[in-house]
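Before any comments, here is the structure.
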Amino acid sequence: MRNELVIDGLVITTDNSAAIGEKPHDIVHVPDEVAAKFAARVALAEQWAAGGEAIAILLHNFSGDLQWPRYVSGITQLFSGLDMPVPPVSGSTESNIETLQSALSVTIIGRKLRALADPHELAWFIYGEPLAGEEVINQPERIADLQIVKNALDRDQIERIWPVGSGGIEQEAEKLFGRRMPLAQEIDLTTSGGPATCLLIGVRIGKVPEAKRLFGRHFRPLTQ
């Protein structure tokens, strides 16, 4: 288990975004659509990590009425770009008090569809680079491509994924395996993975050559 909540076959995942958007006091200035798209990206990646498929979305908007359609547009862009149906979106907006910085949360409710292989039975790789803040906007070529990941999951070319969050690769590997692991040299262990720009990918041993060809140069071993 990573951060998901599983209840009666439903998988619930969520991600937050703060001080990222179009307000003057935001720390990272990007279109509101981009902020929502990346928040939804994390929640969706965590669905896949838990073996879930998205069926509904709750949007918690602390930025104001003007931002709601922009946030919904960003969520729609994510799913449309992955050739996935956009789940129904509902939620709430803080419209009583005007906030100085942007803030939102995207919660995805999914249906558990896939059983998860024991992580110790798989070969694990890092896909993408851990990026955060302005790096996410300025270095898109280093971000894990969710379209490739989705296709690989759908075709059983890979078994599992595990998003890298703010604690970095080392912390996520310890969560995944339940203990500290001897990680490959020259790995950036502690840098934040931001909005799931970096993923851990679990592959059956016999499918490793195929996975290396599929994911390309930003795909490297996790462990020694």
Side-chain angles (χ1 to χ4, degrees), residues 1-6 11-18 20 34-54 57 74-75 78-79 81-82 84 87 104-110 112-114 116-117 119 122-133 135-137 139-154 157-178 181 183-184 187-203 211 214-215 218-223:
M1 174 178 282
R2 191 174 183 275
N3 296 321
E4 75 276 7
L5 183 63
V6 181
V11 180
I12 303 168
T13 59
T14 193
D15 189 61
N16 305 316
S17 174
I20 301 173
V34 171
K37 180 178 180 179
F38 275 100
R41 170 192 172 93
V42 176
L44 180 60
E46 291 194 345
Q47 282 287 323
W48 294 349
E53 179 181 271
I57 295 176
I75 293 169
L78 173 70
F79 282 86
L82 294 170
M84 298 175 64
L104 74 148
S105 176
V106 176
T107 298
I108 297 182
I109 300 170
K112 179 107 174 159
L113 294 181
R114 292 184 295 107
L116 301 178
L122 305 175
W124 284 89
F125 295 83
I126 303 165
Y127 176 45
E129 303 289 341
L131 305 172
E135 294 175 327
V136 178
I137 307 303
Q139 302 177 52
E141 73 283 355
R142 298 173 64 194
I143 297 174
D145 187 333
L146 289 193
Q147 181 68 74
I148 295 176
V149 174
K150 178 182 182 297
N151 290 343
L153 285 170
D154 289 346
Q157 294 168 304
I158 62 176
E159 293 295 319
R160 295 188 61 177
I161 76 163
W162 190 277
V164 174
S166 59
I169 291 172
E170 184 176 43
Q171 184 182 98
E172 296 294 353
E174 187 171 348
K175 284 184 185 178
L176 173 61
F177 293 104
M181 297 291 290
L183 302 184
I187 289 178
D188 188 340
L189 298 177
T190 58
T191 296
S192 169
T197 63
C198 180
L199 306 171
L200 307 183
I201 305 285
V203 187
L214 178 65
F215 288 100
H218 290 296
F219 190 72
R220 57 209 186 280
L222 171 66
T223 57

Look up atom [atom1] in [X] and atom [atom2] in [Y], then write down how far apart they are to the nearest 0.5 Å.
X    : Y    : atom1 : atom2 : answer
E135 : I137 : CD    : CD1   : 11.0 Å
L214 : I201 : CG    : CD1   : 9.5 Å
T223 : L200 : OG1   : CG    : 10.5 Å
I109 : E53  : CD1   : CD    : 14.0 Å
L113 : W48  : CG    : CH2   : 13.0 Å
I169 : L222 : CD1   : CG    : 7.5 Å

Under a 4.0 Å N-O cut-off, is there an ion pair linking R114 with E159?
->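 Result for this pair is no, no salt bridge flagged.
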
Is [Y] close to [X] at the side-chain level, that is, under 4.5 Å between some pair of heavy atoms?
X    : Y    : value
K175 : W162 : yes
P195 : D15  : no
F38  : S17  : no
L146 : M84  : no
I158 : Y127 : no
R160 : L176 : yes
L44  : V106 : no
F215 : V203 : no

For [X] against [Y], the heavy-atom pair lying closest together:
X    : Y    : value
A45  : I161 : O-CD1, 3.5 Å
S192 : A132 : OG-CB, 4.1 Å
T197 : V136 : CG2-CG2, 4.0 Å
N151 : Q157 : O-OE1, 3.9 Å
I108 : A54  : CG2-CB, 3.4 Å
N16  : S105 : OD1-OG, 2.9 Å

How are the rings of F125 and F219 set to each other: parallel, tilted or perpendicular (split at 30° and 60°)?
->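 Rings of F125 and F219: parallel, under 30°.
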
Without swapping roles, check the side chain of K112 against the backbone of A50 for a donor-acceptor pair under 3.5 Å.
->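 Such a contact is found between K112 side chain and A50 backbone.
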
Distance-only, no hydrogens or angles: does the R2 side chain make a donor-acceptor pair with backbone N or O of A49 under 3.5 Å?
->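 Not confirmed, R2 side chain does not pair with A49 backbone.
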
For T13, which of E4, Q47, E46 qualifies under side-chain hydrogen bond (donor to acceptor under 3.5 Å, both in side chains)?
->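 Single pass found, and it is Q47.
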
